[in-house]
2 protein chains.
Amino acid sequence: MEETIRCDHMDETLIKQMMETLPGDEPISRMSAVFQALQSETRLRILFLLTNKDMCVCELNYALDVTQSAVSHSLRTLRQLDLVRGKKEGRYAIYHIADDHVRLLIEMCRQHVTEEHK
Amino acid sequence: MEETIRCDHMDETLIKQMMETLPGDEPISRMSAVFQALQSETRLRILFLLTNKDMCVCELNYALDVTQSAVSHSLRTLRQLDLVRGKKEGRYAIYHIADDHVRLLIEMCRQHVTEEHK
DNA sequence: CATATACATGAACAGATGTTCATATATTCA
DNA sequence: TGAATATATGAACATCTGTTCATGTATATG
């Protein structure tokens, strides 16, 4: 139906100022991609496991209830967003959390879902 | 094909200990839902706008390039996860960020996507 | 060199998601 | 009361996502 409303009490100029403080399309898009990656239960579990100890793919595969393929796909997503980093050691690929930023992100979210409401 | 690998150098007992430190299914599921909510560009923009100033639905609708319906749907999602809270004032519904936790989450993510790699 | 192990990746399909459209509800004001 | 404004919500559809399956590549080992 109607696409945009302009309510009576709105200070149009003020709102336009607020719009200019918004991050641009590209930062928003990247943030969206990061949260998108963190939304997967498998990828969350991978990050929690890597919080304790650097691990190779087959260790993660052993610890989680998904195929090795799924683990690799998940790691690829996390790698592309620089949430984890991997190094090749012989035939193993050892992964680790990219930085404390990532630890804080998931820890903060854990606190949010854990704490009592209000 | 094969579902689970057991690589040679794996310390099975150690990995099992790590598995026990994982958050349970319900916390993981809730975290997934929170990140899922934060993954939408529209919802991210709503949160950034609310960071500056409490706003009613039509102000958000005016500031964003989506229908009023989409704004309301987005707010519902954010409300259900306690990321924003709303109060009725006359015929307006004024929304605000739930707590500083939420501000930190998006601010931390913004820093992550902004900072230079490595 | 041949085989096994560890990991990566493309394809495909089922399930989930965000948007718009249509409409309902609630509040204000004339 | 009736009309306009502000918000909420159900339905539907197109798009996106995560997984598995199948297979490819690389390293190690016998």
Side-chain angles (χ1 to χ4, degrees), chain A residues 1-10 15 28-29 32-47 54-81 84-96, chain B residues 1-10 15 28-29 32-47 54-81 84-96:
Chain A
M1 288 221 120
E2 84 290 336
E3 302 261 318
T4 297
I5 290 176
R6 270 191 66 247
C7 60
D8 293 343
H9 77 297
M10 182 172 79
I15 302 301
I28 287 282
S29 173
S32 168
V34 167
F35 285 128
Q36 152 64 27
L38 296 174
Q39 165 268 343
S40 152
E41 299 199 4
T42 294
R43 288 190 292 261
L44 275 179
R45 290 198 176 89
I46 288 176
L47 289 175
D54 296 358
M55 288 190 187
C56 69
V57 177
C58 63
E59 285 173 321
L60 291 167
N61 173 230
Y62 175 80
L64 301 172
D65 197 26
V66 290
T67 62
Q68 173 266 318
S69 176
V71 173
S72 276
H73 280 300
S74 290
L75 286 168
R76 186 157 105 111
T77 300
L78 294 171
R79 227 188 309 132
Q80 288 173 338
L81 295 164
V84 305
R85 292 173 188 163
K87 54 190 169 187
K88 258 274 182 186
E89 283 191 8
R91 56 176 156 177
Y92 300 104
I94 313 292
Y95 282 90
H96 62 98
Chain B
M1 288 219 118
E2 84 290 337
E3 304 262 318
T4 297
I5 292 176
R6 270 193 66 248
C7 60
D8 292 344
H9 77 297
M10 182 171 79
I15 302 301
I28 286 282
S29 174
S32 168
V34 167
F35 286 128
Q36 152 63 29
L38 296 175
Q39 165 267 343
S40 151
E41 299 199 3
T42 295
R43 287 189 294 260
L44 274 179
R45 290 197 176 90
I46 288 176
L47 290 174
D54 296 358
M55 289 191 187
C56 69
V57 177
C58 61
E59 286 174 320
L60 291 167
N61 174 229
Y62 176 81
L64 301 172
D65 196 27
V66 291
T67 62
Q68 173 267 318
S69 177
V71 174
S72 276
H73 280 301
S74 289
L75 285 168
R76 186 157 105 112
T77 300
L78 293 171
R79 226 189 310 134
Q80 287 173 339
L81 294 164
V84 306
R85 292 173 189 164
K87 54 191 167 187
K88 258 274 184 185
E89 284 192 5
R91 56 177 156 179
Y92 300 104
I94 314 291
Y95 282 90
H96 61 99

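Naming: A, B, ... by sequence-line order, numbering from 1 per chain. A quick note: this is a predicted structure, and the numbers were derived from the prediction, not measured.
Atoms CD and CD1, from Glu89(B) and Ile94(B) in turn, are 5.0 Å apart once rounded to the nearest 0.5 Å.
Here the P atom of nucleotide dT19(C) and the CG atom of Leu60(B) are 13 Å apart, to the nearest Å. Atom P of nucleotide dA28(D) and atom NE2 of His9(B) are separated by 13 Å, given to the nearest angstrom. Computed from coordinates, the Arg43(B) CZ to dT19(C) C1' distance equals 11 Å when rounded to whole Å. One atom, OH of Tyr92(A), and another, C1' of dA8(C), lie 17 Å apart when rounded to the nearest Å. Lys87(B) has its NZ atom 17 Å from the C1' atom of dT7(D), to the nearest Å. Put simply, CG on Asn61(A) is 9 Å from P on dC7(C), counting in whole angstrom units. Here dT9(C) presents its C1' atom at 10 Å from CD of Gln68(A), a figure rounded to the nearest Å.
Axis deviation across the helix from dC1(C)-dG30(D) to dA30(C)-dT1(D) amounts to 20°, comparing end segments of five pairs, rounded to 10 degrees.
Residues passing the side chain to side chain donor-acceptor pair (under 3.5 Å) test with Arg79(B), sequence neighbours excluded: Tyr95(B). Among residues two or more places apart in sequence or in another chain, the salt bridge (charged side-chain N to carboxylate O under 4.0 Å, His left out) test is passed with Arg91(B) by Asp8(A).
The shortest distance between the side-chain N/O atoms of Gln36(B) and the OP1/OP2 oxygens of dT17(D) is not below 4.0 Å. In terms of phosphate contacts, Gln39(A) brings no side-chain nitrogen or oxygen within less than 4.0 Å of OP1 or OP2 of dA16(C). One finds no side-chain N or O of Ser69(B) lying less than 4.0 angstrom from the OP1 or OP2 phosphate oxygen of dT9(D). Between Tyr62(A) and dA6(C) there is no side-chain N or O to OP1 or OP2 distance below 4.0 Å.
Heavy atoms of Ala70(B) sit under 4.0 angstrom from at least one base atom.
By the 5.5 angstrom centroid cut-off and the 30-degree plane limit, His73(B) is classified as not stacked against the base of dT19(C).
Position along DNA chain D of the nearest nucleotide to Lys88(A) versus Ala37(A) favours Ala37(A) as the more 5'-ward residue.
A disulfide is not assigned to Cys56(A) and Cys7(B), since their SG atoms are no nearer than 2.5 Å.
A donor-acceptor pair is defined here as one N or O able to donate and one able to accept, closer than 3.5 Å; such a pair exists between the side chain of Ser74(A) and the backbone of Ala70(A). Although no hydrogens or angles enter the test, the distance criterion places no donor-acceptor pair under 3.5 Å between the side chain of Ser32(B) and the main chain of Ser40(A).
Counting only heavy atoms from C-beta on, Ala93(A) has its side chain closest to dA8(C) among dA8(C), dT9(D), dT7(D).
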